[in-house]
Amino acid sequence: MNKKIVLIDGHSILNRAFYGVPDLTNSEGLHTNAIYGFINILFKILDEEKPDYLTVAFDVNQPTFRHEMFTEYKGTRKSMPHELREQVPVIKEVLKTMGVCIMERPGFEADDVLGTLAKKCEEQGISVSLVSGDRDLLQLASDTIKIRMPKTKRGVTEIEDYNTKDVIEKYQVTPSQIIDLKGLMGDASDNIPGVPGIGEKTATKIITAYSTVENAIEHMDEIMPKKAKESFMANIDLALLSKKLATIKTDCELEFSLEEAELGDLFNQDVFIYFKKLEFKNLLNRFQDNIDHHNSMEDSFKIVESLDEAELVFQEIEKNNKFVGLQYIIEEDDILGLSIAASEGQVYYIGIVGFIHLDYLKSKVDNIISKNIMVATIDLKNQLPYLTADEDSKIFDLSVAAYLLNPSKDTYYYDDIARDYLSITVPSRNDFLGKDKLIKAKEEKSEAFHNFCCYHSYVAYCAYQPVSDELKNTDMLSLFLEIEMPLIYSLYDMEVRGIEVDKEALKEYGDKLGTRIVQLETEIYDIVGEKFNINSPKQLGVILFEKLKLPFGKKTKTGYSTSADILEKLRSEDPVVGMVLEYRQLTKLKSTYADGLANYIKEDKRIHGKFNQTVAATGRISSTEPNLQNIPIRMELGREIRKVFIPKEGYIFLDADYSQIELRVLAHMSGDERLIAAYKEEQDIHRITASQVFHTPLAEVTSAQRSNAKAVNFGIVYGISSFGLGQDLNITRKEAESYINKYFETYPRVKQFLDELVASGKENGYVTTFFCRRRPVPELSSSNFMQRSFGERIAMNSPIQGTAADIIKIAMIRVNRKLKNLKLKSRLILQIHDELLVETHKEEVEQVKNILKEEMYKAADLSVPLEVEVNEGTSWYNAK
DNA sequence: GGTTTCACG
DNA sequence: ACGTACGTGAAACCA
């Protein structure tokens with residue numbers, strides 16, 4: 001059996017990986033996408049090839065080009081972005097840690113090193129796989145030297161292989177003729193000039209006919225077409241030089257011994273630690289040690305099958321424990337069991353089965369809580385239906401804590417927490433169960449299911465201390481204990497209460513829309529002269545911009561943009577445009593709201609939406625299933641739907657909202673005296689802004705000035721950009737810029753404050769709210785203008801939006817608590833970012849009004865008053 | 001599953 | 001030259 005070597009073109013693969021893998025950073029802010037991609041390609045190749053030897057070649061100086069002389073005057077090559085540059089030393093370290101042979105030879109190009117090694121190995125009868133993204137290397141292909149080129153297609157890496165015959169098949173020339181081809185056609189990416197006017201087609205024709213550049217020169221008169229001949233004739237030297245530049249040396253004097261390249265165990269402990277630092281979680285599964293670690297953990301997981309055993313477990317815990325990890329295993333509305341960790345080595349799964357009933361478990365768990373044994377768990381809100389607990393209970397929700405520590409993540413499952421705070425990789429739900437339902441897994445009594453359950457309490461138990469420490473280190477412990485933990489109960493309460501919806505009225509509303517939609521549909525088809533799907537942006541684009549030849553404003557990556565702001569400008573062009581706009585509006589209302597909401601109405605006539613605490617990166621809460629935070633209000637027709645949201649018998653709605661809370665937060669945080677003064681006057685802030693920015697007496701401010709000032713105020717909060725403001729106001733970037741400048745002249749401390757936010761974001765890697773909530777902003781260090789600008793806007797907006805979110809969370813908790821403590825019948829049922837909706841008993845209206853005003857007003861002590869407006873009504877529609 | 005559009009603060 | 005306002009979620013279309 002022949003020995004086999006894999007040779008890797010280090011920089012080429014790193015480059016491929018960098019541009020092929022989406023941006024990744026670890027929590028230290030180090031970019032890792034290229035390293036990750038490189039390692040993946042490496043592992044894939046090694047899995048396939050199982051070689052005896054491995055060597056990775058790098059150029060010594062970075063960035064280094066094959067032919068420095070041409071880069072100077074052509075200057076086509078951009079310098080390496082720092083996101084990639086910082087990964088170069090790291091990948092080398094990783095490879096060294098793995099014991100991989102790295103060839104870096106001063107004075108030699110990596111290509112030449114690869115070429116030489118490939119030939120040397122071939123001579124010794126070793127088969128060679130050379131991995132590179134660079135087509136230049138194809139010249140080295142032979143029957144024993146296989147060139148492997150990774151390609152990323154739709155995110156999947158596929159590898160194209162080239163031996164001699166594959167090169168001929170694809171390029172119609174032999175590998176050694178690749179250099180002749182390049183001599184003629186050049187290679188822009190490698191700064192090989194080639195002959196001007198000769199491209200791939202002509203070059204291939206010439207070389208297949210005459211084999212080499214030199215021979216083609218001999219037969220110059222026969223060269224066709226004429227154009228090519230003329231250019232070739234005038235550039236003979238350039239062609240020969242280009243060929244020389246394209247030629248990879250195979251005879252470098254290199255010190256190289258095969259032993260060095262011998263492949264050992266890549267998966268050692270140091271590499272494991274390195275991968276953990278880089279946060280390559282799914283690569284860790286490859287490490288036997290890690291697998292062993294799993295197995296040893298899983299060995300200590302115990303399945304409790306009888307009531308006696310369970311009783312023993314709980315007795316021990318009540319006697320000995322001050323702290324447990326605990327998790328009810330729940331799927332949708334089914335509760336399957338309980339997992340509880342009394343220590344790292346005492347982890348139990350207690351299924352609801354046989355004589356172990358839910359009521360039994362509940363009494364035991366509630367007992368633990370009532371005895372003030374600290375409970376660490378993952379996603380408390382989800383388990384509250386089965387727990388007797390309140391704000392005073394000693395419970396620590398690790399999902400919410402992990403969200404505070406990094407609010408930008410998608411999920412905060414047990415495996416995420418284990419990876420981030422315990423630095424261990426535990427199998428995920430998907431690893432254990434795939435797409436299976438838990439209930440099915442439970443019935444099968446699979447080991448996987450039991451392990452899945454036990455890991456929850458195990459991770460909760462182990463992660464409590466490190467996570468709690470981390471909250472302390474980041475000054476977020478009081479935010480966590482005083483705001484986020486109590487908030488869980490407020491959100492849960494709102495979910496349980498829900499909001500009543502008049503089903504019949506909703507149906508009527510939907511029918512009304514339906515009738516009009518059908519009318520519009522036929523009218524539109526009539527005018528246009530054909531049927532098409534109006535809701536398909538693609539088909540609509542064809543109709544409007546090709547058939548009707550309306551001027552298209554902008555294009556999306558898939559075609560014409562048909563968004564409302566574009567169509568709005570085309571209203572006067574054709575009557576069909578207005579009808580399309582109305583059609584869009586109506587179908588939106590019908591599908592999302594009329595029909596959409598109807599699906600969520602439960603037996604009790606109420607909709608019980610979910611409020612998510614770990615979704616928004618700024619600290620806001622979000623609402624799903626259905627989203628009750630985006631019920632229409634701006635347009636009258638949409639607003640009508642609020643008439644179907646009604647209080648229950650004997651109650652009315654009180655709706656309280658903060659007036660411009662974000663601008664008030666800005667006034668406070670920036671300390672701008674003029675802005676603060678403006679708010680203290682309790683006047684129309686947009687009018688005051690207009691008056692000050694446009695140097696106009698307050699009474700003379702025009703409505704246009706006011707609305708411009710309003711847009712600027714919004715823009716400031718969003719992290720102003722002249723482009724964005726310009727787009728919003730439909731004015732030029734320049735005009736928008738002058739508005740912004742005037743604004744900053746008027747409120748200089750605002751400007752200073754925003755600049756400081758960006759600066760501190762750059763320095764620390766994160767920005768913070770008034771209550772110390774953090775948001776990392778890795779985009780700030782991007783070398784990409786777009787990304788960086790985005791980071792700057794995040795840095796300006798998040799502290800403002802986040803502080804406002806903190807404030808209303810405080811208000812919610814206090815209002816909810818007070819209504820309960822005073823034993824009132826009225827209940828908080830919705831939060832819409834700056835608004836609270838309370839279903840208020842008719843006899844409590846005045847009292848609740850005062851509670852809302854007072855608690856919302858006092859939620860934060862700022863240098864400007866927090867104005868609160870309260871309205872009452874018999875539906876959500878007329879409570880605003 | 002990704003893209004587009006649009007509802008809200 | 002680049003090509004966006006900040007934060008969400010849902011529905012429909014289309015490959």
Side-chain angles (χ1 to χ4, degrees), chain A residues 78 154-155 407-408 532-541 554-567 580-581 583-597 599-600 609-612 615-635 637-639 641-642 657-658 660-662 666 711-712 714-729 733 736 740 767 775 777 779 782-802 804-805 808 830-835 880:
Chain A
K78 281 186 220 121
R154 281 179 260 112
S408 311
F532 68 102
N533 188 342
I534 308 167
N535 273 327
S536 160
K538 198 179 160 191
Q539 293 180 38
L540 180 63
K554 63 178 176 194
K555 289 198 154 192
T556 63
K557 55 181 133 182
T558 48
Y560 308 101
S561 171
T562 65
S563 60
D565 59 320
I566 299 280
L567 295 192
V580 168
L581 280 165
Y583 178 87
R584 276 257 182 85
Q585 199 191 0
L586 296 178
T587 51
K588 174 89 177 183
L589 290 174
K590 181 153 165 54
S591 67
T592 305
Y593 299 103
D595 301 346
L597 289 173
N599 294 325
Y600 290 100
K610 287 185 172 163
F611 291 96
N612 313 300
V615 172
T618 50
R620 277 189 173 180
I621 59 176
S622 94
S623 162
T624 51
E625 298 173 65
N627 184 351
L628 293 170
Q629 291 180 323
N630 73 345
I631 303 301
I633 188 167
R634 293 175 191 168
M635 306 289 288
L637 182 66
R639 192 177 194 151
I641 202 169
R642 292 183 173 228
D657 72 304
Y658 280 117
Q660 289 139 0
I661 186 167
E662 293 186 344
L666 174 67
V712 176
F714 268 98
I716 295 290
V717 170
Y718 290 160
I720 197 87
S721 81
S722 51
F723 190 95
L725 181 65
Q727 189 143 65
D728 188 53
L729 285 179
R733 217 199 75 253
I740 295 168
V767 290
R775 173 168 184 188
V777 197
E779 294 89 348
S782 172
S783 63
N784 177 297
F785 173 82
M786 268 267 295
Q787 289 245 321
R788 197 172 54 250
S789 305
F790 181 50
E792 287 166 2
R793 294 194 295 272
I794 292 173
M796 293 187 267
N797 170 267
S798 288
I800 302 172
Q801 190 183 119
I808 192 140
L830 288 184
Q831 186 255 41
I832 310 100
H833 308 307
D834 63 352
E835 170 189 351
K880 280 234 78 172

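The chains referred to below are lettered A, B, ... by the order of the sequence lines, with proteins before strands, and numbering in each begins at 1.
Side-chain atoms of A:R584 lie closest to B:dT5 of the nucleotides C:dC14, C:dG7, B:dT5. Ranking C:dG7, B:dT4, C:dC2 by closeness to the A:K557 side chain, first place goes to B:dT4. Side chain of A:P537, nearest nucleotide from B:dG9, C:dG7, B:dT4: B:dT4. Among the nucleotides B:dA7, C:dA10, C:dG9, the one closest to the side chain of A:S622 is C:dG9. Of the candidates C:dA12, C:dC13, B:dT5, the closest approach to any side-chain atom of A:T556 belongs to B:dT5. For A:K538, counting side-chain heavy atoms from C-beta on, the closest listed nucleotide (B:dT3, C:dA5, C:dA15) is C:dA15. Between B:dT3, C:dG7, C:dG9, one nucleotide has an atom nearer to the side chain of A:T618 than all others, and that is C:dG7. For A:F723, the listed nucleotide lying nearest its side chain is C:dT4; candidates were C:dG7, B:dT5, C:dT4.
For A:K588 against B:dC6, a side-chain-to-base donor-acceptor contact under 3.5 Å is present. In terms of polar N and O atoms assigned as donor or acceptor, the side chain of A:Q801 comes within less than 3.5 Å of the base of C:dC6 in a complementary pairing. Side-chain atoms of A:R793 and base atoms of C:dG7 include no donor and acceptor less than 3.5 Å apart. Below the 3.5 angstrom threshold, one finds a donor paired with an acceptor across the side chain of A:S721 and the base of C:dT4.
The separation between A:I800 atom CD1 and C:dA5 atom P is 18 Å, rounded to whole Å. Separating the CG atom of A:N627 from the C1' atom of C:dG9 is a distance of 5 Å, rounded to the nearest angstrom. As rounded to whole Å, 12 Å separates atom P of C:dA1 from atom CZ of A:R733. The interatomic distance linking A:Y593 (OH) with C:dG9 (P) rounds to 13 Å, in whole Å. Rounding to whole angstrom units, CD1 of residue A:I621 and P of B:dG9 are separated by 14 Å. If you measure from atom CD1 of A:I794 to atom P of C:dT8, you get 9 Å, rounded to the nearest angstrom. What separates CG of A:N612 from P of B:dG9 is a distance of 19 Å, to the nearest Å. Protein atom CD of A:E835 is 22 Å distant from nucleotide atom P of C:dG7, rounded to whole Å.
A donor-acceptor pair is defined here as one N or O able to donate and one able to accept, closer than 3.5 Å; no such pair exists between the side chain of A:E625 and the backbone of A:K610.
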Steps toward side-chain hydrogen bond (donor to acceptor under 3.5 Å, both in side chains) verdict (A:S623, A:Q629): CA-CA 6 Å; A:S623 162; A:Q629 291 180 323; 4.8 Å; no

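A:D834 comes within contact range of the sugar-phosphate backbone alone, with a heavy-atom separation under 4.0 Å but no base atom that close. Within the nucleic acid shown, A:A805 has no heavy atom closer than 4.0 Å to any nucleic acid atom. The residue A:A804 sits apart from the nucleic acid: no heavy atom pair falls under 4.0 Å.
Comparing the P positions of C:dA5 and B:dT3 gives a spacing of 16 Å, expressed to the nearest Å.
Annotation: the span from A:D834 atom CG to A:I661 atom CD1 amounts to 7.0 Å, rounded to 0.5 Å.
Here B:dG1 sits opposite C:dC14 as a Watson-Crick or G-U wobble pair (both hydrogen-bonding atom distances under 3.5 Å). Across the strands present, B:dC6 finds its partner in C:dG9; the criterion is a Watson-Crick or G-U wobble pair with both atom distances under 3.5 angstrom.
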